[in-house]
Amino acid sequence: MDPGILCFHHCEHKVFCTIIPENCPVCQQTLDRYDYNLLPFRVPYPFVKASQHPRAIVMKPTHGDFLNDYYNSKDLHIGVTNSQGYVVEFSEEGIRAVDPVTKKWSECETSVDWDQCLLLEQFDELWNEIWDSVLLKVSQRSLWVADRYNEERHNCFTFVLAFLRALDCGELSERARDPKLFCKQYVVPRTSAAGKYISLYRQLKRQSYFIQKQ
């Protein structure tokens, strides 16, 4: 899903594009590998596929995807991946990705909706057992049935913070006791960086190049 945005420096400008042109769009000079002040590079893609990041806190737009549908005023949806990369989420449908009969993990149909999300935090494999154990225990609480869901007061964010507090993993768990502090430290920096990439992507959908003077 990475659109492959490229950047090169030439004639005191940064040029963003998806295909390196034969001529500089600023000065029209034929581009030669020796003309670059800095060799062309690929702009880092800020989004990940949740299934490839087990033991993680992930976030995506409630509707649509980041590149095409997200604006600052839009709601975001947050979830947790277990050690197998299944997304566990709380919504108006209750908890998803936990089989209500066997109480075991089951691959959720909505997992494909998490193919373009932000990675807020990820833990290493040493956490596998305790991560899944705490996540399953928290998910089974009656707090997370569909009837208890409230968009403003008891939502996906409430669930993730409850899990992090129960995990008792140091600073991250401490930050989870204060929703505003958690957002300031973990959410805002990621969404701000993503916003710059999204803006660049949309510029390049409208035109072949985006040019910045250095």
Minimum heavy-atom distance between [X] and [Y], given as atom pair plus value:
X      : Y      : answer
Lys60  : Asp113 : CD-O, 3.2 Å
Arg141 : Ala166 : NH2-CB, 4.3 Å
Leu6   : Thr18  : CD1-O, 3.6 Å
Val187 : Leu120 : CG2-CD1, 4.0 Å
Phe66  : Cys117 : CE1-CA, 4.1 Å
Tyr149 : Asn155 : CE1-CA, 3.6 Å

inquiry  = Can a side-chain donor-acceptor contact be found between Asn82 and Arg55 if the only test is distance below 3.5 angstrom?
reply    = no

Main-chain N/O of [Y] paired to [X] side chain as donor or acceptor, under 3.5 Å:
X      : Y     : answer
Asp69  : Gly64 : no
Thr81  : His53 : yes
Gln122 : Pro54 : yes
Arg96  : Glu89 : no

query: Between Glu171 and Gln185, does a side-chain hydrogen bond (donor to acceptor under 3.5 Å, both in side chains) hold up when you go through it step by step?
result: CA-CA 11 Å; Glu171 182 180 330; Gln185 185 161 341; 2.8 Å; yes

Worksheet item: Would Asp2 and Arg42 pass as an ion pair if we require N to O under 4.0 Å?
Response: yes

Is Arg148 paired with Glu92 through a side-chain N to carboxylate O contact shorter than 4.0 Å?
no

Please report whether the ring centroid of [Y] lies less than 6.0 Å from that of [X].
X      : Y      : value
His77  : Trp114 : yes
Tyr209 : Phe16  : no
Trp144 : Phe163 : no
Phe157 : Phe159 : no

Show the numbers, then the answer: is there a side-chain hydrogen bond (donor to acceptor under 3.5 Å, both in side chains) between Ser173 and Asp168? CA-CA 6 Å; Ser173 294; Asp168 194 18; 5.2 Å; no

Interatomic distance, SG@Cys169 vs CD1@Ile130, rounded to 0.5 Å, equals 9.0 Å

query = Relative to each other, are the rings of Phe123 and Trp131 parallel, tilted or perpendicular (30° and 60° limits)?
reply = tilted

Any cation-pi pair here, Arg202 with Tyr71, using under 6.0 Å and within 45°?
yes

